[in-house]
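Below is one structure; the comments refer to it alone.
Indexing begins at 1, ligand by ligand and atom by atom, following the structure's order.
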Amino acid sequence: MSLEKIYQDVIDGQASAVEAGVKAALAEGIAPDDILRKALIAAMDEVGTRFEEGEFFVPEMLIAARAMQTGLGVLKPQLVAGGIEAAGRVAIGTVQGDLHDIGKNLVAMMLEGAGFEVNDLGVDVGSDAFVKAAQDGAQVIGMSALLTTTMSNMQKTIAALEAAGLRDKVKVVIGGAPVTQAYANQIGADAFAPDASSATRRVRELLA
Ligand code: B12
């Protein structure tokens with residue numbers, strides 16, 4: 001099974017072909033990380049480019065995203081294998097107004113794989129729900145945003161944590177395509193990570 005075939009099937013939104021392709025690639029011994037990066041994530045990048053260029057519209061983006069999620073589902077056991085000790089408690093969600101969850105799900109999976117207990121709050125998560133998660137014992141709050149228009153809701157959550165007297169009790173890590181280290185500094189987040197594997201590293205560092 002070639003990675004190019006899986007890549008193309010994601011772009012074409014062929015979920016069952018992606019499922020079969022990922023299974024075949026794993027059976028052939030192709031590294032899960034290569035399948036993830038070179039086929040699934042690379043395809044979503046291409047979908048984003050086509051959307052920007054006006055070649056793809058929301059429906060195409062949506063069916064490609066479904067195909068990607070199907071592939072991720074097959075990879076999940078491989079990505080989370082090996083986690084044993086409870087390394088800490090993380091609550092993660094996509095901020096209010098934002099429905100993108102593929103990246104957030106991937107970060108959640110990698111954290112689980114690294115032994116963290118993950119409370120996935122889902123998408124369109126308001127400040128109150130993040131505050132509640134911190135009150136319920138999360139040591140780290142992870143926020144994802146894919147839209148420049150929803151990024152500012154990260155800052156709102158940080159303000160809400162401060163208002164609830166919780167800011168010094170939890171660490172805040174942020175990510176998502178438009179988010180940068182500079183933005184994290186600007187809003188007073190404790191860490192930023194550009195991808196799921198570095199997210200795990202950063203969360204480990206925060207709790208060390
Ligand atoms: C798939 C997709 C969709 C799907 C989402 C399906 C789903 N279940 O997630 C659908 C079709 C629903 C969608 C809708 C929209 N989308 Co859209 N979408 C995308 C697309 C193509 C891919 C995103 C993706 O999944 N990437 C793959 C994952 C793995 O990458 P990632 O999310 O960046 O995550 C990684 C890192 O960022 C990081 N990370 C992510 N989260 C976190 C969290 C933490 C704590 C940490 C540490 C790290 C981290 O780690 C992840 C793994 O490595 C992007 C283009 C792109 N290249 O980003 C556009 C894009 C994000 N969408 C865009 C737009 C405009 C929209 C819409 C407004 C379109 C419309 N007119 O309706 C709507 C908004 C809906 C809403 N309210 O949220 C724009 C945003 C432009 C902007 N600057 O704001 C983009 C960039 C496309 C473009 N090039 O124009 N979209």
If you measure from the Lys or Arg side-chain nitrogens to the Asp or Glu carboxylate oxygens, is any gap between R89 and D136 under 4.0 Å? no

Short version for A65: what comes under 4.0 Å of ligand 1, heavy atoms counted, is side chain

Can you check whether F57's main-chain N or O pairs, donor with acceptor, with E60's side chain at less than 3.5 Å? yes

State whether any protein heavy atom lies less than 4.0 Å from atom 85 (C) of ligand 1. no

Just verifying a value: how many Å separate I35 CD1 and I41 CD1, rounded to the nearest 0.5 Å? 12.5 Å

Distance filter under 2.8 Å, centred on atom 17 (Co) of ligand 1 - protein N, O or S atoms that pass it: H100 NE2

All N/O donor-acceptor pairs, side-chain side in residues 9-18, below 3.5 Å, sequence neighbours left out:
unit_1 : atom_1 : unit_2 : atom_2 : d
D9     : OD1    : K5     : NZ     : 3.4
D9     : OD2    : K5     : NZ     : 2.6
D12    : OD1    : Q8     : NE2    : 3.2

Does the salt bridge (charged side-chain N to carboxylate O under 4.0 Å, His left out) test come out yes or no for E205 and R201, once each step is laid out? CA-CA 6 Å; E205 286 162 15; R201 262 201 311 280; 5.3 Å; no

Pick from M154, R201, M143: the one approaching atom 43 (C) of ligand 1 most closely through a non-hydrogen atom: M143

Can an N or O of G142 be found at a distance shorter than 3.5 Å from an N or O of ligand 1? no

Is D195 salt-bridged to R202, going by a charged N under 4.0 Å from an acidic O? no

Note: I174, heavy atoms under 4.0 Å from ligand 1, region reported as backbone

Decide whether the shortest distance between a heavy atom of T149 and an atom of ligand 1 is less than 4.0 Å. no

Give a yes or no on whether the backbone of T150 and the side-chain of D98 come within a donor-acceptor separation of less than 3.5 Å. no

Ranking D101, D45, L62 by closest non-hydrogen atom to atom 9 (O) of ligand 1, top hit is D101

Heavy-atom gap R66 to ligand 1 smaller than 4.0 Å: no

What's the separation between atom CD in Q186 and atom CD in Q155, rounded to the nearest 0.5 Å? 6.5 Å

Could you check whether atom 59 (C) of ligand 1 has a protein contact, counting only heavy atoms that fall below 4.0 angstrom? yes

Check: of M44, R37, M68, R50, min heavy-atom distance to atom 22 (C) of ligand 1 comes from M44

Please tell me if atom 46 (C) of ligand 1 is touched by the protein, where touching means a protein heavy-atom distance below 4.0 Å. yes

Taking only non-hydrogen atoms of P194, do any sit less than 4.0 angstrom from ligand 1? yes

Against ligand 1, does G176 come closer than 4.0 Å with any heavy atom? yes

Indicate whether atom 67 (C) of ligand 1 is within a distance of less than 4.0 angstrom of some protein heavy atom. no

